[in-house]
K.L.:
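Below are the structure tokens for one structure; questions will follow.
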Amino acid sequence: MVRELTHFVAGKRVPEVSGPFGDVYDPNTGQVQARVHLADRTQTEAAIADAEAAQPEWAAWNPQRRARVLLKFLRLVERDQDELAALLSAEHGKTLADAHGDIQRGLEVVEFAAGIPQLLKGDFTDNAGGGIDVYSMRQPIGVIAGISPFNFPAMIPLWQCAPALACGNSFVLKPSERDPSVPLRLAELFVEAGLPPGVFNVVNGGKEAVDTLLTDPRVGAVGFVGSTPIAEYVYATASAHGKRAQCFGGAKNHLVVMPDADLDQVVDALVGAGYGSAGERCMAISVAVPVGEETADALVARLRERIATLRVGRSDDPEADFGPLVAQSALDRVRELIDAGVEEGAELVVDGRDFTLDGHPDGYFLGASLFDRVTPDMRIYREEIFGPVLSVVRAADYEEALRLPTEHEYGNGVSVFTRDGDTARDFTRRVGVGMVGVNVPIPVPVAYHSFGGWKRSGFGDLNQYGEDSIRFCTRTKTVTSRWPAGGVREGASFTIPTMR
Ligand code: NAD
């Protein structure tokens, strides 16, 4: 019996729906494991209306009381983490250990959000002049929508919603239709934690649901995470409809290997960040840039050896380094890009195209692939592959290695591996990328800093989580006030008031 997944509105799952369903696959077997309803405009509008109705009372709760709900939610997610990770891994295909990491990185932002009352405090100027006090406060936007990708079905929705809720907004989440079960379970846990019904709603669906969120005047701000073409579309459409938008897109993350780097560390970093989660991470390293031929030859030799030891397995195999891709279409696309790399003249050192897992002929498995002598004009360099494929681009010197990520159209993450402090400092200051690692392969900032790429990896002014998320989820109101007893009677003035 295939499970039917609907929506979460007014504090419960929507019991009956008519209209189209999409299939949710088991990436290990290629079999359909659930069906997800795809909301139309009217069904999406119902969720927005519910969120709008619930928001004023939620905003009227004091900040600490709201934070307490988040803390309770945190404990409930921890209580159910094994169940959630199993659900996540079974729909996404990432390993169980990695699914726990997905949930954990989301919870770190919930922890941060529970401390938001401290950051919601406004500014106050006593006696700015003539008995006048000036103060500013942060007020919620109202209804905020989040549209999330398949590759982090717990982490990204939590990044999007936790600060929004802590600031007094209600939230409508439109998760990926490929792995919708975990967001629905999170919605149930929010209600169990005491979140009033309607403050957090989940609408499943595709373009029609998204377009409704982008155009409905009751939605005040939109957060999007996904591929760059859709991020650009969401940013343009939401902005044209008068909404705040922060939209994060694809990536091509480089790891620069200086000749003095510890190659053992580099190889660990590259196989983990390149092939972990089958390369389906926006912070995956997909390009290694060794500096100098000697470094490149040594690196490629070591990578080839190491890749031979990697274990590709079912997502629930505790020994697996990585599992299947999320969908047949993803598998086809990655294979097609590997073919393109070969045709364009890159050297395919390790070919993962023919990998099959015993007993799983229809699973979406792919072995790890390694290309050497990739050049910037090739498709495999220009495009995000989003699969277990690592490309080596050989740089003649440091300046060339710095130029490559800086000039790439994406600017999400980058790393440099070196023992030299001057090189690291110069690199971090000059590279044209939003998040930088020094001897760290996946530089996802901690929850109280903030996450965001540059160039075509991010559209909008503000990053996700950290203090930027409070700026995104609130509006500043500034009050200039004078009370009769403190004021000086000046008579009517017909010029703009100044502080002279
Ligand atoms: P996607 O763009 O296909 O889908 C993302 C969301 O947009 C989903 O909810 C989907 O239903 C919706 N969507 C898809 N097509 C749409 C359309 N035509 N109109 C309106 N909405 C549409 O992305 P994905 O395949 O789910 O996720 C992988 C991508 O996300 C990769 O490019 C990855 O780099 C990126 N990503 C970026 C970050 C980041 O922070 N920069 C983080 C995670 C993933």
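Basis for what follows: all heavy atoms, side chains included, without hydrogens, waters or symmetry-related copies.
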K.L.:
Trp454: what forms a ring-ring contact (aromatic ring centres under 6.0 Å, His included) with it, not counting sequence neighbours?
P.N.:
none
K.L.:
Can you give me every donor-acceptor pair (side chain of residues 152-159, partner residue at least two apart or in another chain, under 3.5 Å) with its distance?
P.N.:
from, atom 1, to, atom 2, distance (Å)
Trp159, NE1, Arg105, O, 3.4

K.L.:
Who passes side chain to side chain donor-acceptor pair (under 3.5 Å) against Gln104, sequence neighbours left out?
P.N.:
none
K.L.:
Only counting residues at least two apart or in another chain, list the ones meeting ring-ring contact (aromatic ring centres under 6.0 Å, His included) with His408.
P.N.:
His254, Tyr381, Tyr410
K.L.:
Indicate yes or no: at least one non-hydrogen side-chain atom of Val234 is less than 4.5 angstrom from one of Ile230.
P.N.:
yes
K.L.:
For Ala34, what residues pass the side chain to side chain contact (heavy atoms under 4.5 Å, CB included) criterion, not counting sequence neighbours?
P.N.:
Arg3, Leu5, Val24
K.L.:
Within a strict 4.5 Å, meaning less than it, do heavy atoms of the Lys252 and Ile385 side chains meet?
P.N.:
yes
K.L.:
Test: side chain to side chain donor-acceptor pair (under 3.5 Å). Region: residues 137-149. Which pairs qualify, not counting sequence neighbours?
P.N.:
Arg138-Thr474, Gln139-Lys477
K.L.:
Taking atom types as modelled, is there a side-chain donor on Thr6 or Arg35 under 3.5 Å from an acceptor on the other?
P.N.:
no
K.L.:
Which residues pass the side chain to side chain contact (heavy atoms under 4.5 Å, CB included) test with Pro140, sequence neighbours left out?
P.N.:
Gln55, Ala59, Asn169
K.L.:
Could you work out, with side chain to side chain donor-acceptor pair (under 3.5 Å) as the rule, every residue matching Arg66, not counting sequence neighbours?
P.N.:
none
K.L.:
Looking at residues at least two apart in the chain, or sitting in another chain, which of them share a ring-ring contact (aromatic ring centres under 6.0 Å, His included) with Phe112?
P.N.:
none
K.L.:
Could you pull out all residues at least two apart from Val431 that satisfy side chain to side chain contact (heavy atoms under 4.5 Å, CB included)?
P.N.:
Leu402, Pro405, Thr406, Val414, Phe427, Val433, Val436
K.L.:
Quick check on Arg425: does its CZ atom have over 12 non-hydrogen neighbours (other residues, nucleotides or ligands) under 6.0 Å away?
P.N.:
no
K.L.:
Only counting residues at least two apart or in another chain, list the ones meeting side chain to side chain contact (heavy atoms under 4.5 Å, CB included) with Pro445.
P.N.:
Met435, His449, Phe451, Tyr465
K.L.:
Sequence neighbours left out, cut at 3.5 Å: what donor-acceptor pairs do the side chains of residues 323-331 make with other protein atoms?
P.N.:
from, atom 1, to, atom 2, distance (Å)
Gln328, NE2, Asp332, OD1, 2.9
Ser329, OG, Arg178, NH2, 3.4

K.L.:
Treating Asn204 as the side-chain partner and Val36 as the backbone partner, does any N or O pair qualify as donor plus acceptor under 3.5 Å?
P.N.:
no
